Enquirer: 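My questions all concern the structure below.
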Amino acid sequence: MWFSLTHSLPDMMVQLSFLLIFTGLTGIHSITTVSKVSVRAGGSITIPCLYESQYINHVKYLCKGYYWNSCSAEVKTNKPSSSGKFSISDDKTQRVFTVTINDLTEEDTGYYWCAVEINDGSDLATLFHLSVTGGKPYLYVDEQKRTGIRGEQMTINYHYRNAGDIEWCRLGSSCVTWPNGSLVNSRVTMNLKDPDVLTVTLSGLRTESSGWYWCVKGDLQMPVHITVTEKPPTTTSHSTPEPVKHTPEPVKQTTSSADQALSTVESKQQSVSGNLKIFIIRWSLLIIFAMVNLFIWFMYKRQERTIVESSATTTVTYLIYFPIITFHSEDITFRGREDIIVIDLFYTLYLLLLRRYSKNNLNSHKYVLTNL
């Protein structure tokens with residue numbers, strides 16, 4: 001600052017003293033942060049504060065109040081808040097400390113200071129204003145922390161209700177004005193597609209693009225942190241599938257052996273079951289055959305006794321019905337009532353037995369076979 005030689009010495013001392021006091025109180029060119037933000041009640045806000053490298057190991061804190069001399073320290077890096085309302089963290093690599101205010105209410109509206117303690121002098125601080133509204137904020141973003149892939153693009157949507165010029169700035173760096181430009185080797189494009197939505201698209205992200213940014217709309221700013229990561233590698237290694245290929249082989253062999261053994265057992269069971277059925281059928285037929293023979297023998301004996309005991313003669317006709325033929329036995333003299341014998345099976349055996357006994361015991365018999 002240049003001073004005119006016509007000014008008196010007391011006037012020069014007053015102006016110089018005011019400049020030194022203002023510089024010491026506000027930390028001009030020592031701490032950089034936003035100037036005014038708007039947030040919805042019930043939400044939270046994170047404010048980044050960039051400091052110079054000589055203050056890396058100093059204590060940082062957030063102070064609330066319009067007047068610096070009377071503001072109250074809410075949270076410090078060496079003394080966390082016990083209420084959980086405020087939190088603070090210090091990234092010494094990026095030389096940025098962040099303060100977060102949670103569960104915002106309209107009573108939290110006011111002025112705050114990002115401050116750095118100076119042991120042998122006045123602390124450094126930069127003022128910003130926080131506005132908490134019951135309705136929609138005048139400028140806000142859905143997420144304050146975003147992650148992108150190196151080489152790709154990212155789009156951030158800002159919602160706004162106010163008027164004014166639009167810029168996209170990086171904390172501690174330059175700004176891109178509407179509608180596009182380049183920042184940290186990334187292409188920045190701003191667009192107003194919807195009436196109340198401002199889109200900021202970053203193309204060709206780089207690793208060094210990581211950091212804090214904010215969108216400026218009129219007199220409001222909204223900070224956003226971007227983290228750029230490497231693209232996940234595509235798995236092309238053949239070493240991984242090999243165990244998968246070898247693993248099923250013994251399983252398949254075991255399954256095949258088990259299936260073969262099971263099939264063998266089942267075939268044996270089926271063979272035994274089939275043989276058992278054949279055995280039962282054969283014995284059943286044999287038993288039926290024996291019962292029929294016993295029945296024929298019993299009937300024959302009864303008729304023979306009738307012939308011996310009776311002197312009267314009666315012509316008896318036996319009708320034996322079969323599916324195809326009918327056999328008639330005539331001129332056999334018996335005593336008693338007419339008998340009818342119906343046989344479905346083994347008719348051939350019956351005929352043979354009847355002929356044999358008739359030849360031995362009867363004088364003459366006449367057999368006639370006729371088709372039904």
Side-chain angles (χ1 to χ4, degrees), residues 23 26-38 45-58 60 62 77 88-100 112-116 124-130 139-158 160 162 164-192 198-230:
T23 302
T26 60
I28 294 177
H29 304 301
S30 298
I31 300 177
T32 304
T33 187
V34 295
S35 60
K36 186 177 182 181
V37 293
S38 177
I45 184 67
T46 299
I47 304 296
C49 305
L50 177 69
Y51 56 87
E52 295 182 357
S53 58
Q54 62 265 33
Y55 306 119
I56 289 178
N57 296 320
H58 288 235
K60 289 84 178 179
L62 177 69
T77 53
I88 188 170
S89 63
D90 187 8
D91 184 353
K92 295 182 179 181
T93 303
Q94 299 294 326
R95 295 183 293 107
V96 176
F97 73 92
T98 57
V99 290
T100 301
Y112 295 83
W113 300 81
C114 288
V116 176
L124 303 178
T126 297
L127 183 69
F128 69 90
H129 182 264
L130 173 64
L139 180 65
Y140 69 97
V141 68
D142 294 329
E143 296 179 72
Q144 269 198 280
K145 293 185 178 181
R146 297 288 304 274
T147 301
I149 304 299
R150 187 173 70 89
E152 298 184 0
Q153 72 176 23
M154 172 190 298
T155 298
I156 304 171
N157 295 326
Y158 284 91
Y160 68 94
N162 64 325
D165 296 335
I166 300 174
E167 291 183 320
W168 173 257
C169 304
R170 180 184 173 100
L171 179 62
S173 183
S174 58
C175 297
V176 174
T177 58
W178 174 272
N180 52 58
S182 180
L183 188 63
V184 196
N185 296 324
S186 296
R187 182 70 177 172
V188 180
T189 303
M190 291 169 279
N191 201 338
L192 295 175
L198 164 65
T199 62
V200 179
T201 301
L202 310 179
S203 305
L205 292 172
R206 304 171 66 90
T207 304
E208 57 268 25
S209 300
S210 298
W212 279 97
Y213 297 79
W214 56 63
C215 177
V216 180
K217 184 73 166 64
D219 60 343
L220 292 174
Q221 304 92 38
M222 176 52 64
V224 171
H225 185 268
I226 295 176
T227 302
V228 179
T229 61
E230 295 291 334

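All values derive from a computational prediction rather than experimental measurement.
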Enquirer: Among I56, L124, V96, exactly one meets side-chain contact (heavy atoms from CB on, under 4.5 Å) together with Y51. Which residue is that?
Expert: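 That would be I56; it is the only one of I56, L124, V96 passing the side-chain contact (heavy atoms from CB on, under 4.5 Å) with Y51.
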Enquirer: Mind checking the CD-NE2 spacing from E143 to H225? Nearest 0.5 Å is all I need.
Expert: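 Between atom CD of E143 and atom NE2 of H225 there are 14.0 Å.
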Enquirer: Do V176 and R170 come close enough that some side-chain heavy atom pair is under 4.5 Å?
Expert: no
Enquirer: Please report the interatomic distance CD1(I47) to OH(Y112), rounded to the nearest 0.5 Å.
Expert: 10.0 Å
Enquirer: Check step by step if side-chain contact (heavy atoms from CB on, under 4.5 Å) holds for V224 and Y158.
Expert: CA-CA 10 Å; V224 171; Y158 284 91; 3.0 Å; yes
Enquirer: Using modelled atom types and a 3.5 Å cut-off, is there a donor and acceptor pairing between side-chain atoms of R95 and backbone atoms of Y55?
Expert: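 Side chain of R95 to backbone of Y55, a donor-acceptor pair under 3.5 Å: no, none is there.
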Enquirer: Report the C-alpha distance between W113 and I31 in whole Å, list the side-chain angles of each, state the deciding distance to 0.1 Å, and finish with yes or no for side-chain contact (heavy atoms from CB on, under 4.5 Å).
Expert: CA-CA 10 Å; W113 300 81; I31 300 177; over 6 Å; no
Enquirer: Please lay out, stage by stage, how C49 and C114 fare under the test disulfide bond (SG atoms under 2.5 Å apart).
Expert: CA-CA 6 Å; C49 305; C114 288; 1.9 Å; yes
Enquirer: What pair of heavy atoms forms the shortest contact from R206 to N185, and how long is it?
Expert: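 Of all heavy-atom pairs spanning R206 and N185, the closest is CD-CB, 3.2 Å.
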Enquirer: Residues two or more places apart in sequence or in another chain: which of them pass ring-ring contact (aromatic ring centres under 6.0 Å, His included) with Y140?
Expert: H159
Enquirer: Would you indicate whether D165, at its atom CG, is surrounded by more than 12 heavy atoms from other residues, nucleotides or ligands within a distance under 6.0 Å?
Expert: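 No, the 6.0 Å shell around CG holds no more than 12 heavy atoms from other groups.
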Enquirer: Applying the side-chain contact (heavy atoms from CB on, under 4.5 Å) criterion to L220, which one of S35, C215, S38 satisfies it?
Expert: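 Of the listed options, the one satisfying the test is S38.
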Enquirer: Assess the cysteine pair C175 / C169: is their SG-SG separation shorter than 2.5 Å?
Expert: yes
Enquirer: Indicate the atoms forming the closest heavy-atom contact of S173 with L183, along with that distance.
Expert: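 Scanning both residues, the minimum pair turns out to be OG-CD1, 4.2 Å.
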Enquirer: So V116 and S30, side-chain contact (heavy atoms from CB on, under 4.5 Å) or not? Walk me through it.
Expert: CA-CA 9 Å; V116 176; S30 298; over 6 Å; no
Enquirer: Check for a donor-acceptor pair, side chain of T199 on one end and backbone N or O of N191 on the other, with a separation under 3.5 Å.
Expert: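 Present.
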Enquirer: Is there a side-chain hydrogen bond (donor to acceptor under 3.5 Å, both in side chains) between T98 and S89? Walk through the geometry before answering.
Expert: CA-CA 5 Å; T98 57; S89 63; 2.9 Å; yes
Enquirer: Could you check whether any side-chain N or O of T77 sits under 3.5 Å from a backbone N or O of K60, counting only pairs where one atom can act as donor and the other as acceptor?
Expert: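 Yes; judged by distance alone, with no hydrogens or angles, the pair exists.
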Enquirer: What distance separates Q144 CD from M222 CE, expressed to the nearest 0.5 Å?
Expert: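 Q144 CD to M222 CE: 6.0 Å, rounded to 0.5 Å.
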Enquirer: So, using ring-ring contact (aromatic ring centres under 6.0 Å, His included) as the criterion, who are the partners of Y213 when residues are at least two apart?
Expert: W168
Enquirer: Between D219 (side chain only) and K36 (backbone N and O only), is there a donor and an acceptor less than 3.5 Å apart?
Expert: no
Enquirer: Are any non-hydrogen side-chain atoms of W212 and T32 less than 4.5 angstrom apart?
Expert: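 No; the side chains remain at least 4.5 Å from each other.
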Enquirer: Looking at T155, is its backbone amide N or carbonyl O close enough to the side chain of R146 to form a donor-acceptor pair, meaning the two atoms are under 3.5 Å apart?
Expert: yes
Enquirer: Are T147 and T227 linked by a side-chain donor-acceptor pair shorter than 3.5 Å?
Expert: no
Enquirer: Tell me yes or no: between the side chains of T126 and T33, is some donor less than 3.5 Å from an acceptor?
Expert: no
Enquirer: Which heavy atom of P223 sits nearest to which heavy atom of W214, and what is that distance?
Expert: CA-CB, 3.6 Å
Enquirer: What closest approach, in Å, do L205 and M154 show between heavy atoms, and which atom pair accounts for it?
Expert: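 Heavy atoms of L205 and M154 come nearest at CD1-CB, 4.0 Å.
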Enquirer: How far does OG1 of T177 sit from CD of E167, to the nearest 0.5 angstrom?
Expert: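 Reported to 0.5 Å precision, the distance equals 6.5 Å.
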Enquirer: Donor-acceptor pair, distance only, cut-off 3.5 Å: does the side chain of S186 make one with the backbone of G204?
Expert: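 Checked: pair present.
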Enquirer: To the nearest 0.5 Å, tell me how far N157 CG sits from L198 CG.
Expert: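 With rounding to 0.5 Å, CG (N157) is 8.5 Å from CG (L198).
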Enquirer: Please evaluate residues L202 and I226 with respect to the criterion side-chain contact (heavy atoms from CB on, under 4.5 Å), reporting the C-alpha separation (whole Å), side-chain torsions for both, the decisive distance (0.1 Å), and the verdict.
Expert: CA-CA 11 Å; L202 310 179; I226 295 176; 3.4 Å; yes
